[in-house]
Structures are given as C-alpha cells and as structure tokens.
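Written below as structure tokens is the structure these notes are about.
To find a chain, count down the sequence lines: A is the first, B the second, and so on, and within it residues start at 1.
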Protein chains: 2
Amino acid sequence: MQLSLTEENYLKAIFFISGTESNLVNTNAVAERLDTKAATVTDMLRKLKSKDLIHYEPYKGSRLTLTGKQQAVGILRKHRLWETFLVEKLGFGWEEVHDIAEQLEHVRSRKLTERLAQYLGNPQFDPHGDPIPDAEGVFPQRANLTLDKAELGERLYVKGVKDSSPDFLNYVAKLGIQLGDSLKVLQVEPFDSSILIKHDEREFRLSAQAACNIYVSQT
Amino acid sequence: MQLSLTEENYLKAIFFISGTESNLVNTNAVAERLDTKAATVTDMLRKLKSKDLIHYEPYKGSRLTLTGKQQAVGILRKHRLWETFLVEKLGFGWEEVHDIAEQLEHVRSRKLTERLAQYLGNPQFDPHGDPIPDAEGVFPQRANLTLDKAELGERLYVKGVKDSSPDFLNYVAKLGIQLGDSLKVLQVEPFDSSILIKHDEREFRLSAQAACNIYVSQT
DNA sequence: AATAAATTTTAGGCAAATCTAAAAATGATT
DNA sequence: AATCATTTTTAGATTTGCCTAAAATTTATT
Ligand SMILES: [Mn+2]
Ligand SMILES: [Mn+2]
Ligand SMILES: [Mn+2]
Ligand SMILES: [Mn+2]
C-alpha cells in the first residue's frame with residue numbers, strides 16, 4: 001500500500017511519541033509534534049485506522065499496528081541514512097541535515113535505500129549517534145548512559161546526543177566535542193550539578209542540562 | 001515563492017514541450033505529457049499565470065515567463081544531477097534512474113544541489129548524455145548530430161541518446177554501446193536505411209529508428 | 001461561407017488535508 | 001456526587017489537484 005507523505009509523517013510522529021514499547025499516544029501529543037490542530041489529527045487517526053496502520057478508539061488514544069510500525073521504522077531508516085550521507089559524503093554540518101533528510105526520507109525506492117546504505121558502509125548510527133535500523137527494521141543497541149550520570153574519573157567515549165536541535169548541536173560543536181571523542185568527568189559541582197570535563201588537554205565546565213543530553217559509553 | 005510539486009512538474013512539462021525558444025504550448029500537449037486531462041491543465045494554467053510563471057491567454061496557448069523558465073531549469077538541473085549520482089556513485093543502470101530522479105528533483109535545498117554538483121565534479125552531462133544546466137541556468141552545448149546522418153567511415157564518439165525510454169536504453173546497453181564509445185558507420189542499406197556499425201572489433205546492424213536516437217560527434 | 005472536427009474552457013463535483021468553533025467525553029477538584 | 005477544566009471529537013469550511021460532461025472557440029473541410 002502506497003502511503004502519502006502526510007500519512008508517513010503521522011506514523012513517524014506516533015512512533016517517536018510512543019517509544020519502542022508502543023504505548024498509547026494522545027491526540028494532542030501528535031498535534032503538537034506535527035505542529036497541527038487536534039481536530040486535524042483525529043481525522044487522520046480515523047484514516048490510519050481504516051488502513052490498519054494504527055489501533056485507535058475514540059477518546060482512548062492510538063498505537064501503531066505491526067504494519068504501521070514497520071512503515072515508520074522504514075522511513076526512519078531512510079532519514080538517518082540520508083543524514084549520514086549528507087554529513088559523510090557532502091560535508092554538511094550535523095546541525096544542517098535534519099530538514100533536508102525530512103524531505104529525502106519520503107523518496108520511494110527500496111533499491112535506492114539499500115544501495116545508499118551499502119555505499120555508506122551500512123552505518124549503524126547517524127551523525128547524531130542515533131541508531132539506524134537495518135533493512136529488517138532491527139535497531140542496533142546504543143549507549144544509554146548520559147554524561148550527567150557517569151562515574152568520576154572514568155574514561156568515556158562520546159556516542160551521541162539526546163537533543164538534536166540546531167542550538168544544542170552548534171553548542172556541542174563549538175565546544176570541540178565530536179562523536180567518538182574521549183573524555184573524563186573530573187568533578188560535579190554540588191551547587192548546580194554542573195560538571196568539569198577533561199577533553200584532550202583542555203578542561204571546561206558543562207551545565208547539567210547540557211550533560212544530560214550527551215550519550216557516552218566506556219568503550 | 002514556494003512552488004508545489006505539481007506546479008514544478010507543470011513548469012518542467014511546458015519547458016520540455018516548448019523547447020529552448022519558448023514556443024507557445026498547446027494545452028493538450030501538456031495534458032498528454034503529464035498523463036492528465038485538458039480540463040485539469042486549464043485550471044493549472046490559470047494558476048501559473050496568476051503567479052507570473054507563464055504567459056497564457058485562453059485558447060491561445062501558454063509560454064514560460066523568465067521566472068517560470070528559471071524554475072523549470074533549476075528542477076531539470078537537480079533531476080540530471082541526481083541521475084548522475086545514482087549511476088556514478090550508487091551503480092544504478094541508466095535505464096533505472098529516471099523515476100527515482102523524478103522524486104529527488106523536488107527536494108528543496110540550494111545548498112544540497114550545489115554540494116551534490118561539486119561532489120560529482122560538476123558534470124556537464126547526465127548518464128543519457130543530456131546537458132546539465134549550471135547553477136545560473138546555462139546549458140552546455142551538446143552534440144546534435146545523430147547516427148543516421150553521420151558520414152560513412154568517419155570516427156565517431158557516442159555522446160547521448162535522444163530517446164530515454166527504458167526499452168531503448170536497455171537495447172543500447174545490450175548492444176554493448178556506452179557513452180564515450182568510438183564507432184564508425186560502414187554502410188547504409190538503401191532498402192530500409194538501416195546502418196552497419198563497426199564498434200571495437202565487432203560489426204552489427206542498427207535500424208534507422210535506433211540510429212536517429214543516438215547522438216554522436218567527431219570529438 | 002457554412003458545416004464538421006478538433007481543441008480548449010467552463011461548470012459542477014470529489015478526495016485529501018487542513019482550519020475554527022462548538023459539542024461531547026473524560027479527568028480532576030471541591 | 002456535582003462542578004469545573006482539559007482533552008478529544010464533530011460539524012462545517014477552505015484549498016489544491018483532479019475528474020466528467022457540456023459549452024465555447026478555433027481550425028479544417030466541404
Ligand atoms: Mn533528523
Ligand atoms: Mn518527513
Ligand atoms: Mn530523466
Ligand atoms: Mn517530478
């Protein structure tokens with residue numbers, strides 16, 4: 001079945017909100033994420049239900065069906081592959097690629113997606129460290145430890161960012177932090193929970209808000 | 001001004017039909033090219049005129065304005081760059097890329113287009129030998145000699161194909177002819193105007209219909 | 001010039017996706 | 001339990017792009 005661009009975006013939105021365990025999603029949450037009105041969402045929910053892409057009972061909320069989830073994951077795969085392409089091959093900054101990928105993710109060609117993946121070396125993570133599902137829809141495991149919860153003095157590797165807004169991405173880049181970089185937490189300030197970081201030979205301070213948006217792992 | 005995908009396709013269609021000299025275009029011709037109905041085209045013509053993208057008088061025909069032409073050429077540039085990418089970087093066959101490029105051509109990002117062009121080495125011609133306009137909309141000159149009109153015995157280089165249908169592209173590929181290949185016309189059969197070709201060490205016969213769809217030049 | 005054929009436009013409708021305003025259902029608070 | 005607030009749905013419109021059938025215009029043919 002051939003989905004419209006709009007339907008695809010709704011499925012992706014529901015997938016993001018409900019998380020991997022497919023919780024029930026509120027109509028308002030979808031409206032907010034897609035920057036539209038609840039009434040509009042209700043219309044689309046009825047339509048998606050009629051196409052068996054979501055489970056939906058009026059006033060109860062919505063949840064992706066297996067098919068709906070497969071569609072959503074497929075689009076997410078394309079989105080993250082294109083972001084990787086834009087950064088790795090065309091030299092875009094990681095803060096510039098999301099909006100372009102938002103368009104490219106809707107291009108329909110199984111063969112294109114798989115050729116692109118192959119061309120990129122079947123990457124497991126996109127430029128923001130987000131996991132790229134494989135052709136069967138399976139996500140690689142990614143670091144779930146954030147910098148604010150890390151042990152003092154431990155060697156850590158930067159694996160990704162939780163917040164992908166251009167503001168945060170620009171800030172992290174300005175600090176000179178890149179994916180794969182190694183760093184240590186030297187101390188946590190009791191007053192405001194800001195942390196002191198050692199990165200290369202430099203030391204600098206990071207707010208708790210920034211720290212909790214950076215994924216790290218020991219390997 | 002932000003054009004819809006549909007509007008872009010109409011502009012491109014009018015550009016193709018009217019040729020470089022911007023002749024008046026019949027409503028029916030547009031309908032046929034876009035596989036739609038004349039009544040639908042009329043609606044769109046009024047809309048495009050109101051946006052100053054075409055000149056249009058009822059019953060007289062339509063013609064792109066300067067802005068309209070710039071838009072059309074910009075989309076064509078993207079189309080041909082993406083086709084080049086698909087063949088050169090992703091290893092697609094030249095008969096497979098048109099439909100995918102038809103989607104990719106509508107992705108909106110000046111920066112993406114120019115980065116892509118640069119990544120491909122600012123190609124002048126696409127995989128079918130069609131000229132790729134530069135960022136200012138200027139087309140490179142391409143061979144306009146077709147194989148059916150070539151001199152006997154002259155060394156010729158294959159520069160492109162006039163017909164880009166998958167059937168013809170597959171046929172040419174099956175014959176082992178690629179862009180840039182060198183060949184000679186050994187004789188023309190008076191009966192059906194078919195021609196005898198020498199290509200590498202092989203000789204084979206080509207129908208007049210095939211020959212007139214292959215562009216060649218002496219250089 | 002009159003008629004026939006073709007092209008093109010107009011009229012009227014339909015489906016998708018959106019909106020605002022009003023009604024209905026649910027949940028929270030006295 | 002009754003009331004108030006929030007969430008969600010319904011009702012009624014709008015815009016875009018498309019359709020069919022009928023009318024108007026242009027072009028070709030007697
Ligand atoms: Mn993104
Ligand atoms: Mn999208
Ligand atoms: Mn093409
Ligand atoms: Mn197109």
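Of all the residues in residues 100-108 of chain A, not one reaches under 4.0 Å from DNA chain D with any non-hydrogen atom.
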Practice task
Between protein and nucleotides 18-26 of chain D, map the contacts as a letter string: B base, S sugar-phosphate only, - none, heavy atoms under 4.0 Å, written 5' to 3'.
Solution key: BBBB--BSS
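Taking 4.0 angstrom as the limit, Tyr56(B) places a side-chain polar atom (N or O) nearer than this to OP1 or OP2 of dT9(C).
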What's touching nucleotides 4-6 of chain C from the protein side, N or O pairs under 3.5 Å?
none

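In this view, His106(B) satisfies the ring-ring contact (aromatic ring centres under 6.0 Å, His included) rule with no residue, not counting sequence neighbours. Looking at residues two or more places apart in sequence or on another chain, you find no salt bridge (Lys or Arg N to Asp or Glu O under 4.0 Å) involving Asp134(A). Considering only residues two or more places apart in sequence or on other chains, Phe85(A) meets the ring-ring contact (aromatic ring centres under 6.0 Å, His included) condition with Trp82(A), Phe85(B). For Glu96(A), the side-chain hydrogen bond (donor to acceptor under 3.5 Å, both in side chains) criterion is met by Lys111(B), not counting sequence neighbours. For Ala117(A), the side-chain contact (heavy atoms from CB on, under 4.5 Å) criterion is met by Arg77(A), Leu81(A), Glu114(A), Asn122(A), not counting sequence neighbours. For Glu57(A), the salt bridge (Lys or Arg N to Asp or Glu O under 4.0 Å) partners at least two apart in sequence or on another chain are Lys49(A). Applying the side-chain hydrogen bond (donor to acceptor under 3.5 Å, both in side chains) test to Asn26(A) and every residue at least two apart in sequence or in another chain returns nothing.
Residue-level contact check: Thr42(B) touches the bases, meaning some heavy atom is under 4.0 Å from a base atom.
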Tabulate below the donor-acceptor pairs under 3.5 Å that side-chain atoms of residues 60-72 of chain A make, not counting sequence neighbours, or state none.
unit_1   : atom_1 : unit_2   : atom_2 : d
Thr65(A) : OG1    : Asp52(A) : O      : 2.8
Thr65(A) : OG1    : Leu53(A) : O      : 3.0
Thr65(A) : OG1    : Gly68(A) : N      : 3.1
Lys69(A) : NZ     : Thr20(A) : O      : 3.3

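Cation-pi geometry between Arg33(B) and Phe16(B) is met: under 6.0 angstrom from the ring centre, within 45 degrees of the axis.
Atom CD of Glu57(B) and atom P of dT9(C) are 10 Å apart (whole Å). Regarding Leu45(A), its CG atom lies at a distance of 14 Å from the C1' atom of dT10(D), rounded to whole Å.
Here salt bridge (charged side-chain N to carboxylate O under 4.0 Å, His left out) pairs that include residues 100-109 of chain B, with residues two or more places apart or in two chains, are Glu8(B)-Arg108(B), Lys12(B)-Glu102(B), Lys12(B)-Glu105(B).
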